[in-house]
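Heavy atoms only: backbone and side chains are in, while hydrogens, waters and symmetry mates are out. Order of the sequence lines fixes the chain letters, A, B, ..., with proteins taken first and strands second; residue numbering starts at 1 for each chain. In this text the structure is predicted, and so the values were computed from the model without any measurement.
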Protein chains: 2
Amino acid sequence: MSGIEDVASLAGVSKATVSRALSGRGYVSAETRMRVSAAAASLGYVVSSSASSLVTGRTSNVGVIIPVINQWFFGSIIEGVERALLERGYDLMLYNLTKSHEERTRVFEYFLVRKRVDAVIAVTLEITPEETKTLLALGKPIAGIGGPLEGIPTLSIDDVAAARLATEHLLLLGHRDIMHVGGDIDEQMDFHVHSKRLKGYMEALTGAGIPYDRDSYVATRFDIPGGYRVGKQILGDPRRRPTAIFAAADEVAIGVILAARELGISVPEELSVIGIDDHPLAELFGLTTIEQRPDLQGEQAVDWVIRQLEQPGWTPPARHTVLPARLVMRSSTASPRPRA
Amino acid sequence: MSGIEDVASLAGVSKATVSRALSGRGYVSAETRMRVSAAAASLGYVVSSSASSLVTGRTSNVGVIIPVINQWFFGSIIEGVERALLERGYDLMLYNLTKSHEERTRVFEYFLVRKRVDAVIAVTLEITPEETKTLLALGKPIAGIGGPLEGIPTLSIDDVAAARLATEHLLLLGHRDIMHVGGDIDEQMDFHVHSKRLKGYMEALTGAGIPYDRDSYVATRFDIPGGYRVGKQILGDPRRRPTAIFAAADEVAIGVILAARELGISVPEELSVIGIDDHPLAELFGLTTIEQRPDLQGEQAVDWVIRQLEQPGWTPPARHTVLPARLVMRSSTASPRPRA
DNA sequence: TCCTCGTCTGCAAACGCTTCCAGAATCCTA
DNA sequence: TAGGATTCTGGAAGCGTTTGCAGACGAGGA
């Protein structure tokens with residue numbers, strides 16, 4: 001494995017010049033630069049990132065902390081982040097932080113601090129003020145997807161508003177009997193996504209003068225089988241069946257649609273269903289939904305941290321950034337049929 | 001940010017002793033070790049990984065090259081790899097290598113070589129002999145998921161055998177008119193997964209004395225909408241409709257089932273469907289399938305590379321390792337109905 | 001012509017660790 | 001009691017870069 005010294009002697013210059021030629025910092029004559037590049041290429045030389053970061057103090061790594069990988073929302077974020085980082089010459093260190101408190105501490109106090117990353121992107125991670133202080137003390141840029149988070153730039157859609165928008169769409173169609181299938185409030189994800197979406201739903205109902213009935217909210221797992229299970233329950237009981245269901249995520253909504261189909265309940269004639277996300281499967285099921293773009297959220301977070309790294313003085317938005325979430329109308333929602 | 005020197009003077013020892021105490025290498029008295037640890041903790045000291053790897057030559061990073069993230073198979077692999085690495089104190093550097101040749105070269109020639117990782121795990125990546133040579137020349141352990149790959153330990157299920165098993169299951173039930181919905185041979189993934197599964201299908205047919213008809217293989221995208229689209233085509237034409245369909249992946253199979261449902265064709269009474277993967281949704285759809293466990297594949301690959309790193313002399317299996325893939329029977333397959 | 005300024009290059013000092021080496025202290029065994 | 005083995009510690013070299021500083025050179029302005 002050849003070092004900078006070898007390149008230097010092959011090119012007939014000093015180590016310093018090699019370093020300058022290859023990194024593009026400082027003065028180097030065009031002719032010298034060519035010679036150095038040629039020498040480096042012919043030796044297959046690549047700088048040692050450890051040596052380099054030892055002296056510069058930068059690693060060219062960005063740490064991403066994420067609770068789940070194998071789910072559309074999170075996978076899309078990773079894709080977006082990866083793409084943006086690669087483009088800018090940074091590498092991605094992935095930390096899959098599951099619920100376990102022990103793991104969390106380990107990552108926070110050990111891995112991240114360990115001078116391994118230049119910046120951190122925390123996905124759906126409710127960082128405590130103390131942890132925030134630790135992180136900020138490191139002087140490393142941080143950005144969060146989710147939020148808001150005190151002291152850290154964050155971005156996300158407005159969950160309350162999105163849920164309200166979805167519910168209002170149903171109300172506008174004339175539905176009055178609308179159920180909400182959401183996440184389990186007790187098994188909360190960080191940032192209370194579940195309660196926020198529930199809140200938006202309630203607000204919309206209230207706005208329309210419809211009293212909120214405790215029974216009209218049902219919790220389940222945030223995936224297709226979860227939606228299916230609950231769908232079977234709700235729709236299986238004719239007395240309980242609403243004219244519309246607002247599911248807190250497209251996967252849940254799709255589960256509900258599958259349940260409806262199985263019960264012979266036609267969507268949207270007998271039941272309207274709306275979700276949130278605009279999941280890739282939404283189109284196949286004709287699912288009306290509220291679109292969000294997690295991949296762009298990832299890119300945006302990358303942009304924030306890298307800008308901070310590379311443009312001294314630049315600072316990201318101090319407050320939480322709210323992303324647009326728009327209604328995508330498809331064929332799973334319609335006006336309720338007049339009651340028989 | 002405190003360095004080893006600070007810890008040393010606080011504990012009243014030399015840097016050398018601090019290093020030994022904290023890393024657990026070499027002799028240190030119990031009493032000294034305690035004092036050093038206490039000092040380190042009180043200063044919030046963490047070793048600089050760049051400095052450390054500069055002298056030791058190890059980074060404690062493992063690079064993972066993967067073509068897709070947001071798909072069950074690949075996401076599961078990442079989860080498995082991440083879990084196994086974290087457990088052993090390594091960090092995961094993620095490289096999402098999409099089709100683009102340029103990106104590929106960049107990652108290979110630049111990122112990986114850049115003394116940033118101790119080992120590489122290549123997922124479904126057909127590494128050329130030249131690239132293999134480059135990688136091996138780096139002296140870094142490599143493992144591949146997929147394969148076989150000359151000179152690199154790899155693991156995967158036997159795609160031909162799995163496809164044969166699936167098809168034979170249908171044959172055993174009495175089906176003779178079996179179509180195969182697979183990936184596009186021209187838009188091949190690496191390692192020719194598509195053609196291998198097609199081959200297993202053909203072998204099974206031949207074994208049963210059934211001539212292979214070109215029209216009985218249809219290519220589509222490897223996802224639910226892809227399966228759905230093709231399903232609609234095939235099943236929509238009564239003259240073309242087979243009694244059974246072997247889909248090369250569960251997602252495709254589920255798409256086919258959805259198409260069948262929509263056309264009022266009941267599964268398994270009028271149509272048997274089998275897939276490969278045992279995708280989380282398989283159970284919901286009662287899908288009979290061939291199970292594989294990508295997460296375990298990831299863990300296994302990690303085990304190989306880390307063992308090589310930590311147990312000098314240990315070598316992974318020289319040849320391709322074939323993983324078991326077993327039939328999981330559910331309710332999407334049955335004997336064909338006697339023809340009217 | 002002289003001086004200044006911008007361009008180019010090399011020397012050498014860090015960067016923060018790990019580890020080789022040697023010396024001191026303690027322990028065991030003959 | 002002597003001698004060797006074992007345990008513990010510190011000094012210092014070195015890992016492979018980047019970068020501040022200073023010197024050399026040529027060009028342009030006064």
Side-chain angles (χ1 to χ4, degrees), chain A residues 1-37 39-40 43-61 89 110 113-118 138-139 309-310 312, chain B residues 1-37 39-40 43-61 89 110 113-118 138-139 312:
Chain A
M1 192 129 316
S2 47
I4 199 175
E5 189 72 64
D6 305 307
V7 179
S9 65
L10 179 56
V13 295
S14 69
K15 295 190 302 177
T17 300
V18 173
S19 175
R20 279 185 291 248
L22 261 27
S23 71
R25 268 183 298 265
Y27 293 114
V28 181
S29 74
E31 198 259 346
T32 308
R33 170 169 295 129
M34 307 272 332
R35 238 181 27 248
V36 171
S37 308
L43 291 175
Y45 167 79
V46 191
V47 304
S48 152
S49 67
S50 7
S52 170
S53 46
L54 177 56
V55 27
T56 61
R58 349 204 74 176
T59 62
S60 285
N61 287 157
Y110 188 69
V113 185
R114 207 176 165 181
K115 292 131 188 172
R116 297 180 138 277
V117 296
D118 293 342
L138 296 175
L309 246 24
E310 303 189 339
Chain B
M1 193 129 315
S2 47
I4 199 175
E5 189 73 63
D6 305 306
V7 179
S9 64
L10 179 56
V13 294
S14 69
K15 294 191 303 178
T17 300
V18 172
S19 175
R20 279 185 293 247
L22 261 28
S23 70
R25 268 183 298 265
Y27 293 113
V28 181
S29 74
E31 198 260 346
T32 308
R33 185 187 319 272
M34 305 272 335
R35 236 179 32 245
V36 171
S37 308
L43 292 175
Y45 168 78
V46 192
V47 302
S48 151
S49 67
S50 10
S52 169
S53 46
L54 177 55
V55 26
T56 61
R58 349 203 75 175
T59 61
S60 285
N61 286 157
Y110 187 70
V113 186
R114 207 176 163 182
K115 293 135 189 171
R116 297 179 139 275
V117 295
D118 293 342
L138 296 175

Checklist outcome for this item: Separation of dT9(D) atom P from Arg25(B) atom CZ, nearest Å, is 17 Å

Checklist entry - Quick one: salt bridge (charged side-chain N to carboxylate O under 4.0 Å, His left out) partners of Glu31(B), sequence neighbours excluded? => result Arg35(B)

Checklist entry - Which distance, rounded to the nearest 0.5 Å, do you find between the CD1 of Ile4(A) and the OG of Ser9(A)? => result 11.0 Å

Item to check | Ser19(A) (side chain) donor-acceptor with Lys15(A) (main chain) under 3.5 angstrom | outcome: no

Next on the checklist: To the nearest 0.5 Å, what is the distance between CZ on Arg116(B) and OG on Ser53(B)?
Outcome noted: 10.0 Å

Next on the checklist: Side chains of Ser37(A) and Arg33(A), heavy atoms from C-beta outward: is any pair under 4.5 Å?
Outcome noted: yes

Next on the checklist: Just the rounded figure in Å: distance from P of dT18(D) to CG of Leu22(A).
Outcome noted: 8 Å

Next on the checklist: Short of 4.0 Å, heavy atom to strand atom, which residues of residues 26-34 of chain A count as contacting DNA chain C?
Outcome noted: Tyr27(A), Val28(A), Ser29(A), Thr32(A)

Item to check | Gap between atoms NZ and C1', on Lys15(A) and dC21(D) respectively (whole Å) | outcome: 16 Å

Checklist entry - Is it true that a side-chain atom of Ser52(B) and a backbone atom of Ser48(B) form a donor plus acceptor pair closer than 3.5 Å? => result no

Checklist entry - Roughly how many Å is it from CD in Glu5(A) to P in dA12(C), rounded to a whole number? => result 13 Å

Checklist entry - the helix from dT1(C)-dA30(D) to dA30(C)-dT1(D): angle between its terminal axes, five pairs each, to 10°? => result 40°

Checklist entry - Of Asp6(A), Val36(A), Leu22(A), which meets side-chain contact (heavy atoms from CB on, under 4.5 Å) against Tyr45(A)? => result Leu22(A)

Checklist entry - Given atom CD1 of Ile4(B) and atom C1' of dA12(D), what is their separation to the nearest angstrom? => result 14 Å

Item to check | Minimum-distance pair of heavy atoms, taken over all atoms of Val18(B) and Val13(B) | outcome: CG2-CG2, 3.7 Å

Checklist entry - If you round to the nearest 0.5 Å, how far is OG of Ser2(B) from CG of Leu10(B)? => result 9.5 Å

Checklist outcome for this item: Of the candidates dT17(D), dG10(C), dT19(C), the side chain of Ala16(A) sits closest to dG10(C)

Next on the checklist: Rounded to whole Å, please give me the gap between CZ in Arg20(A) and C1' in dG16(D).
Outcome noted: 16 Å

Protein and nucleotides 22-26 of chain C: nitrogen or oxygen contacts under 3.5 angstrom:
none

Next on the checklist: Can you see if the side chain of Ser14(B) gets near the phosphate of dG10(D) - specifically, an N or O under 4.0 Å from OP1 or OP2?
Outcome noted: yes

Checklist entry - Closest heavy-atom contact between Asp118(B) and Ser60(B)? => result OD2-N, 2.8 Å

Checklist outcome for this item: Under a 4.0 Å heavy-atom cutoff, the residues of residues 49-58 of chain B touching DNA chain D are Leu54(B), Val55(B)

Next on the checklist: Run the side chain to side chain donor-acceptor pair (under 3.5 Å) test against Ser29(B) and tell me which residues pass, sequence neighbours left out.
Outcome noted: Thr32(B)

